[in-house]
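What you see is a predicted model, and the numbers here were worked out from it, not measured in a lab. FYI, side chains are in, hydrogens and waters are out, and symmetry mates aren't considered; it's all heavy atoms of this structure. Each chain gets a letter, A, B and so on, in the order the sequences are listed, and its residues count up from 1.
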4 protein chains.
Amino acid sequence: MRSLNYPVVIVNFKIYIESTGKRGLELAKLAEKAYKETGVCIAVAPQAPDIRLIAENTDIPVLAQHIDPMTPGAGTGAILAEAVKEAGAVGTLINHSEKRLTLADIDACIKRARQVGLISLVCTNTPEVTYATAALNPDIIAYEPPELIGTGIPVSKAKPEAVTEALQLVEKINPHLPVLCGAGISTGEDVKKALELGTKGVLLASGVVKAKDPYKILVDMAKACL
Amino acid sequence: MRSLNYPVVIVNFKIYIESTGKRGLELAKLAEKAYKETGVCIAVAPQAPDIRLIAENTDIPVLAQHIDPMTPGAGTGAILAEAVKEAGAVGTLINHSEKRLTLADIDACIKRARQVGLISLVCTNTPEVTYATAALNPDIIAYEPPELIGTGIPVSKAKPEAVTEALQLVEKINPHLPVLCGAGISTGEDVKKALELGTKGVLLASGVVKAKDPYKILVDMAKACL
Amino acid sequence: MRSLNYPVVIVNFKIYIESTGKRGLELAKLAEKAYKETGVCIAVAPQAPDIRLIAENTDIPVLAQHIDPMTPGAGTGAILAEAVKEAGAVGTLINHSEKRLTLADIDACIKRARQVGLISLVCTNTPEVTYATAALNPDIIAYEPPELIGTGIPVSKAKPEAVTEALQLVEKINPHLPVLCGAGISTGEDVKKALELGTKGVLLASGVVKAKDPYKILVDMAKACL
Amino acid sequence: MRSLNYPVVIVNFKIYIESTGKRGLELAKLAEKAYKETGVCIAVAPQAPDIRLIAENTDIPVLAQHIDPMTPGAGTGAILAEAVKEAGAVGTLINHSEKRLTLADIDACIKRARQVGLISLVCTNTPEVTYATAALNPDIIAYEPPELIGTGIPVSKAKPEAVTEALQLVEKINPHLPVLCGAGISTGEDVKKALELGTKGVLLASGVVKAKDPYKILVDMAKACL
């Protein structure tokens with residue numbers, strides 16, 4: 001299972017030590033196991049140096065956490081779309097709240113991702129920004145109110161009306177564009193509520209990465225998608 | 001040969017397509033071959049997604065092109081010092097002219113690199129900035145006037161007095177701190193001139209990456225160090 | 001005449017020495033004279049330190065070149081919406097190609113401008129970005145392909161189809177949202193062509209600021225709006 | 001009294017509403033009154049749109065909160081050294097913790113300030129960064145541990161050894177370079193302690209701007225300098 005299908009649970013590894021290097025690979029293997037047990041798509045977004053390691057040793061979709069809008073050339077320290085693609089990523093997060101991009105660069109990153117065959121998942125912070133992002137025509141949007149990220153207070157329960165508003169605005173532009181939500185998601189129930197609101201899944205990080213038993217949480221979340 | 005020794009030739013792979021992924025590994029293998037033929041230290045700085053690939057399949061020092069100053073935690077899209085270290089890098093470029101950092105972050109990156117056991121190589125753009133950087137106590141400095149980068153006009157010939165000034169200023173702070181120069185370096189003669197000025201080697205990119213015969217250039221540069 | 005009306009000619013003073021301080025005030029007075037002669041709205045966007053000087057001494061609309069998305073508080077070096085409002089600006093440019101903002105910050109700046117009673121004019125670089133910006137609901141959009149800025153090659157003649165596409169996309173979101181175009185505009189004829197394409201005016205800089213006879217150009221441009 | 005002399009108390013107005021526009025002018029007039037009563041140099045750093053207002057209506061030194069490293073030309077939204085100079089500033093803060101600059105830009109800003117006749121005051125966050133900044137040869141340094149800014153816990157009491165270390169490092173580069181300290185300074189006693197450590201004064205913000213009686217605090221601080 002290399003491409004995304006819906007509903008989807010996407011685990012952002014961020015730069016947590018628990019998801020760096022070999023520990024990241026172990027966590028990705030737990031995600032793979034949960035996928036195999038439930039059949040629900042679980043994707044992971046490891047750090048750039050770990051993309052190849054995880055893509056080569058698991059059979060779940062791997063996303064980069066970021067790409068730069070640049071084309072091949074001079075650009076020391078940038079993350080080139082071609083490089084993450086060749087390393088085995090099937091897509092990339094763009095504009096995460098911890099890596100905000102200019103509007104011009106989001107547009108350019110979506111185009112670059114499409115050029116090299118990467119799925120573009122753009123993160124947004126307000127209903128208005130979600131609406132605007134839909135106009136840029138990415139492959140997926142993840143709406144995440146930044147004030148809830150990392151809190152354990154799930155967006156799907158704390159701000160259901162904002163999620164609904166974001167979904168309605170996206171529908172005006174493109175009714176087929178999948179929208180996820182994220183921020184504070186840490187249980188299967190949070191995921192279930194997110195799907196009930198009309199999203200196609202969730203983007204989360206600490207809820208799984210910092211969990212005592214990540215496998216159990218992943219299975220709970222996947223089952224909530226069935 | 002995993003750690004740096006001097007004189008050194010460091011090849012920055014930037015995000016050139018010629019040095020991305022498998023092509024980057026091939027180029028690194030040519031660098032390794034040139035090192036084995038000459039005994040001169042040649043290091044490479046591939047993109048983050050390629051660090052592990054190259055570190056695992058060659059026996060030359062691998063540097064990251066950039067690290068972020070952050071500690072493990074939330075920080076989507078950042079490059080964590082621990083991650084590049086575990087991927088096999090022995091050091092990292094910091095503050096390349098294409099990835100300028102705040103002064104506070106350069107200080108923090110040098111400290112982070114030291115914490116995890118990475119060699120810190122800070123790039124500078126003027127003699128004054130080189131002097132300031134020496135005060136931050138990195139492991140290596142590479143002085144590169146940005147107006148010459150990628151031009152083929154070698155800093156060692158076009159601005160010898162600026163290189164000398166940078167070296168003198170560094171010496172006032174720490175006479176044992178190795179200083180390289182870069183920008184426009186594309187022949188063995190350019191390297192020789194750089195060493196005559198008192199540098200401990202060179203940092204370069206397109207001169208090798210975009211060369212018709214990178215191996216020949218690398219051997220020429222390495223021999224200029226003997 | 002303190003608020004904008006259409007068609008409008010907006011002169012961005014940038015940080016040209018010809019439009020700094022007293023010379024900026026003189027240029028603004030020429031713009032005021034051209035407005036009084038023609039009745040066409042001409043607005044100016046001086047540097048932050050010159051807003052009050054020009055607003056107090058002319059009777060044309062003054063825009064800031066930039067505001068930050070911040071609310072009053074700690075924020076050294078930021079440009080607060082309240083401060084430019086109190087200094088006499090009636091609006092502000094947001095996201096000029098020389099001051100690109102994150103998508104989240106554009107959204108926040110539009111909201112901040114509205115809160116304090118400033119007109120928000122957001123600059124865009126592609127038709128897609130223009131579409132997205134319309135979704136953020138600013139008061140005006142100025143579409144400026146960055147590759148033409150400062151060239152003297154007018155967007156209205158070099159890229160009429162891109163202007164038309166941008167206008168059509170905006171209309172899908174909000175048919176009443178005024179769209180200007182900019183980049184390379186330097187004659188009355190360029191302005192005329194821009195209006196024929198359906199824009200409500202132009203945003204320009206060097207075409208007037210660096211002109212030998214700015215007053216003549218301004219009158220030509222204003223007359224092209226009649 | 002238009003130029004700085006030592007000891008000095010510098011009040012950074014930040015973007016507090018209490019120090020914006022006319023309220024900023026009133027606060028500056030209190031600072032002027034405290035200077036006239038005590039003879040101790042008190043300088044203020046208002047927002048860019050307020051520099052001219054305060055410089056024209058008071059007789060104390062006015063500093064910009066920030067300049068950009070650019071020379072006159074294209075650069076929408078930037079703060080040009082020439083513009084703040086002509087507006088009446090005698091100097092500028094550079095690299096405040098709320099407006100961090102790249103090392104290359106700090107070097108360029110110091111040079112730009114000198115070119116146009118502005119005093120350059122560079123803010124630093126660690127002893128090492130203070131040492132590095134001294135090597136860039138600014139006119140003044142203000143060492144401010146960011147973790148104490150806005151806390152009311154004075155650096156001069158909470159981290160005396162760090163202030164001393166910063167002073168010793170600066171002395172190795174240039175014994176005549178004045179060093180201030182800042183962060184958490186809110187009483188005359190905090191100022192006294194700062195001077196005892198060997199600094200030439202203080203940089204502060206909320207301690208005065210948010211005070212119930214800013215004049216009283218300013219007089220207390222000025223008297224602590226006698």
Side-chain angles (χ1 to χ4, degrees), chain C residues 12-25 45-56 64-68 70-89 92-101 123 144 149-150 203 205-206 209-210, chain D residues 12-25 45-56 64-68 70-89 92-101 123 144 149-150 203 205-206 209-210:
Chain C
N12 177 1
F13 281 12
K14 296 195 175 181
I15 53 169
Y16 291 118
I17 204 69
E18 294 85 353
S19 44
T20 294
K22 286 178 190 170
R23 297 174 74 177
L25 176 56
Q47 298 171 55
D50 295 334
I51 291 173
R52 185 174 265 108
L53 176 72
I54 292 177
E56 285 184 352
Q65 292 180 12
H66 166 73
I67 58 168
D68 283 288
M70 298 148 105
T71 46
T76 304
I79 304 292
L80 186 67
E82 282 82 352
V84 304
K85 172 76 177 178
E86 187 179 331
T92 183
L93 308 187
I94 292 170
N95 193 45
H96 188 275
S97 74
E98 293 154 7
K99 193 78 176 179
R100 287 284 183 239
L101 299 182
C123 299
E144 300 195 299
I149 292 178
L203 174 62
S206 59
V209 176
K210 306 285 259 187
Chain D
N12 177 2
F13 281 11
K14 296 196 174 181
I15 53 171
Y16 291 118
I17 203 69
E18 294 85 351
S19 44
T20 293
K22 285 177 191 171
R23 297 175 75 179
L25 176 57
Q47 298 172 58
D50 295 335
I51 292 171
R52 185 175 266 106
L53 177 72
I54 292 177
E56 285 184 352
Q65 290 180 13
H66 166 72
I67 57 168
D68 282 289
M70 299 149 103
T71 47
T76 304
I79 304 292
L80 186 66
E82 282 83 352
V84 304
K85 173 75 178 182
E86 187 179 331
T92 184
L93 308 189
I94 293 171
N95 192 47
H96 188 275
S97 75
E98 292 154 8
K99 193 79 176 179
R100 286 286 182 238
L101 299 182
C123 298
E144 299 195 300
I149 292 178
L203 174 63
S206 59
V209 176
K210 306 285 256 187

Contact origin within [X] toward chain C - heavy atom pairs under 4.5 Å:
X     : value
D:I67 : neither
D:S19 : neither
D:N12 : side chain

First locate atom [atom1] of [X], then atom [atom2] of [Y], and finally report the distance between them rounded to the nearest 0.5 Å.
X     : Y     : atom1 : atom2 : answer
D:E86 : C:L53 : CD    : CG    : 8.0 Å
D:T71 : C:I15 : OG1   : CD1   : 7.0 Å
D:I17 : C:L80 : CD1   : CG    : 6.0 Å

Choice from [options] maximising heavy atom contacts with chain C below 4.5 Å:
options                     : value
D:P72, D:G73, D:A48         : D:G73
D:G75, D:A205, D:G24        : D:G75
D:A87, D:A64, D:C123, D:A74 : D:A74

message: Which heavy atom of D:K14 sits nearest to which heavy atom of C:T76, and what is that distance?
response: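 Looks like CG-OG1, 3.5 Å.
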message: For C:A83 versus D:Q47, what's the shortest heavy-atom pair and its separation?
response: CB-OE1, 3.1 Å
query: In terms of heavy-atom pairs under 4.5 Å, which option from C:K22, C:H66, C:M70, C:E98 contacts chain D the most?
result: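 Top option by heavy-atom pairs under 4.5 Å: C:E98.
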